[in-house]
Amino acid sequence: MEDVIEAAVQAIEQGRSHALVTPVLTQGSVPTGRGARLLVASDGSTVGTVGGGAVEAEATRRAMETACSGKPSLMHCQLTARDALADGLLCGGEATFLLEPLTADMLEPLRAVAASVRANRPCVEAIRLVEGLPVQRLVIDAEGKTTGTLGAAELDQALVMQRDDIVAKDDAVIRQMQSQDMEVEVFVQALQRRPTVYIFGGGHVGLALARLVPVAGMDVVVVDDREEFCNRDRFPMAAALHVRSFDAAVEGLDLDPLAYVVVMTRGHQWDREVVAQALRTQAGYIGMIGSRRKIALIWQALRDAGFSDADLARVYAPVGLDIGGDTPGEIAISITAQLIQVRRQGGAPPNPASASP
């Protein structure tokens with residue numbers, strides 16, 4: 001998302017002919033989804049993806065025409081079972097894409113989207129869908145500030161009033177809205193924050209995990225009490241690095257429901273200490289590496305410290321999906337897969353750790 005929007009802003013600033021492809025409706029098994037974007041230049045070069053395969057090939061072809069003609073349109077795709085099989089899917093589905101040529105009017109709204117994504121803050125993007133007419137776009141940031149317009153004050157105000165609800169519901173829908181005694185279609189989507197994965201322990205598994213997390217669309221922060229294991233040369237991909245004692249591991253960190261804590265320090269004592277600190281926060285995920293025996297010992301120590309079985313049930317331990325791996329890379333893959341699973345299931349632990357190991 002960020003790369004596509006930044007590239008679109010740059011193309012508008014430089015006056016280059018491009019078209020932006022946005023999925024506004026999907027049903028069934030189609031190789032695209034919410035948040036997908038594709039930027040297509042008039043020469044066919046692209047940034048981003050809407051899923052690949054035949055659907056993306058057709059979207060690219062049509063977008064090249066859009067970039068040259070300057071006329072927006074809606075592209076409807078129906079993928080039959082045979083088409084889906086050719087693209088490696090199990091069944092067919094339908095998708096509708098908005099194809100819009102980049103124009104000067106899009107610059108400020110897209111800049112607002114880019115700013116929110118860059119700052120990792122939620123925003124709402126609303127696009128009025130009128131085939132063949134210039135696209136009108138409204139962006140509402142986390143503070144309720146608006147950029148752009150849907151062409152009618154009542155539409156803009158209605159969405160400003162509903163912003164919190166749209167973000168909470170994680171909407172990505174086409175709404176029928178009333179404007180001046182007529183019904184209009186508006187695609188409304190919440191662009192959510194990315195989760196931040198806090199890795200406590202910069203050892204071999206921590207390093208392997210830090211390399212994978214950004215690929216999965218999440219930010220990474222590393223905390224360790226050893227500077228040689230927590231520095232920019234070792235973790236160039238990290239959004240932040242903290243060298244500090246583990247007895248103050250979470251101090252000053254914003255561990256809210258989009259904070260995912262992975263504990264893999266250099267010893268049982270510090271693992272227990274960091275888990276205890278994390279349990280006092282609102283972190284949406286807490287995972288701890290270790291054997292069943294180690295977990296049992298730490299659980300007993302945490303109970304003795306006053307934590308309940310309900311508290312311990314928040315912790316994924318041993319961390320990661322059970323894929324039978326034992327190398328740092330394999331363990332990191334299993335942890336990343338579990339983080340994705342938790343993120344896509346709304347944060348509810350599918351297999352919480354047993355409170356009685």
Side-chain angles (χ1 to χ4, degrees), residues 195-213 218 220-231 234-235 238 240-255 259-323 325-339 342 349 351-357:
T196 297
V197 180
Y198 292 85
I199 302 174
F200 292 87
H204 297 303
V205 179
L207 178 59
L209 180 61
R211 288 170 173 161
L212 285 174
V213 163
M218 294 176 272
V220 60
V221 172
V222 181
V223 181
D224 202 298
D225 61 353
R226 303 161 294 177
E227 188 171 359
E228 63 269 28
F229 283 88
C230 188
N231 57 71
R234 184 171 174 81
F235 290 100
L241 299 166
H242 299 280
V243 179
R244 59 174 62 164
S245 172
F246 285 124
D247 58 12
V250 308
E251 188 175 307
L253 302 180
D254 185 17
L255 300 188
Y260 297 169
V261 171
V262 182
V263 182
M264 46 181 69
T265 73
R266 55 187 172 81
H268 292 15
Q269 171 191 354
W270 297 122
D271 284 352
R272 181 182 70 246
E273 176 61 36
V274 176
V275 169
Q277 292 176 44
L279 283 171
R280 297 186 182 100
T281 73
Q282 296 182 352
Y285 171 98
I286 304 171
M288 183 181 71
I289 200 168
S291 66
R292 297 282 180 186
R293 181 175 180 277
K294 166 190 166 179
I295 293 164
L297 292 172
I298 290 179
W299 265 209
Q300 188 55 55
L302 290 172
R303 287 192 184 95
D304 292 344
F307 289 97
S308 67
D309 284 355
D311 292 327
L312 302 184
R314 290 178 59 195
V315 186
Y316 291 75
V319 68
L321 299 182
D322 185 4
I323 60 174
D326 58 9
T327 68
E330 290 170 342
I331 295 169
I333 289 170
S334 77
I335 297 171
T336 303
Q338 189 170 68
L339 294 172
V342 169
N351 294 298
S354 169
S356 301

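Positions are given from 1 along the sequence.
Of all the heavy atoms in R234 and E228, the pair that sits closest is CD-O, 3.9 Å. In this structure, Y260 and P195 approach most closely via the heavy-atom pair CE1-CB, 3.6 Å. Taking every heavy atom of both residues into account, P318 and G290 meet most closely at CB-O, 3.4 Å. Contact detail for G287 and V319: the closest heavy-atom pair is CA-CG2, 3.8 Å. Minimum interatomic distance between A208 and P328 (heavy atoms only, all atoms of both residues): CB-O, 3.7 Å. Between V222 and C230, the closest heavy-atom pair is O-SG, 3.7 Å.
Atom CG of residue L241 and atom CZ of residue F229 lie 14.0 Å apart, to the nearest 0.5 angstrom. Distance check: T196 OG1 to D254 CG gives 8.5 Å after rounding to the nearest 0.5 Å. Rounded to the nearest 0.5 Å, atoms CZ (F307) and CZ (R280) are 4.0 Å apart. Here NE2 of H204 is found 14.5 Å from CG of L209. Values are rounded to the nearest 0.5 Å.
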Could you walk me through whether Q277 and L255 pass side-chain contact (heavy atoms from CB on, under 4.5 Å), step by step?
-> CA-CA 10 Å; Q277 292 176 44; L255 300 188; over 6 Å; no
Derivation and outcome, side-chain contact (heavy atoms from CB on, under 4.5 Å), residues V220 and Y198 | CA-CA 6 Å; V220 60; Y198 292 85; over 6 Å; no
Quick one: do L302 and L312 satisfy side-chain contact (heavy atoms from CB on, under 4.5 Å)? Show the steps, please.
-> CA-CA 8 Å; L302 290 172; L312 302 184; 3.8 Å; yes
Could you walk me through whether M264 and I331 pass the side-chain contact (heavy atoms from CB on, under 4.5 Å) test, one step at a time?
-> CA-CA 11 Å; M264 46 181 69; I331 295 169; 5.8 Å; no
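Between F246 and R272 there is no side-chain heavy-atom pair separated by less than 4.5 Å. With contacts defined as side-chain heavy-atom distances shorter than 4.5 Å, the pair V275/I298 does not qualify.
No side-chain N or O of D225 forms a donor-acceptor pair with one of S245 less than 3.5 Å apart. Using modelled atom types and a 3.5 Å distance limit, the side chains of E273 and Q269 yield no donor-acceptor pair.
By the neighbour-count criterion of 12 heavy atoms within 6.0 Å, atom CD of Q300 is densely surrounded, having more than that number from other residues, nucleotides or ligands. With a 6.0 Å radius and a threshold of 12 heavy atoms from other residues, nucleotides or ligands, D322 has its CG atom at or below the threshold.
Judged purely by atom type and a 3.5 angstrom limit, T265 uses its side chain to pair as donor or acceptor with the backbone of D271. A distance-only check finds a donor-acceptor pair linking the side chain of R314 to the backbone of L279 [under 3.5 Å].
Here the rule is side-chain contact (heavy atoms from CB on, under 4.5 Å) with V223, and of V243, L253, V250 only L253 fits it. Under the side-chain contact (heavy atoms from CB on, under 4.5 Å) rule, L339 has a single partner from L321, L212, V197, which is V197.
Aromatic rings of Y285 and Y316 (six-membered ring for Trp) have centroids within the 6.0 Å cut-off, being under it.
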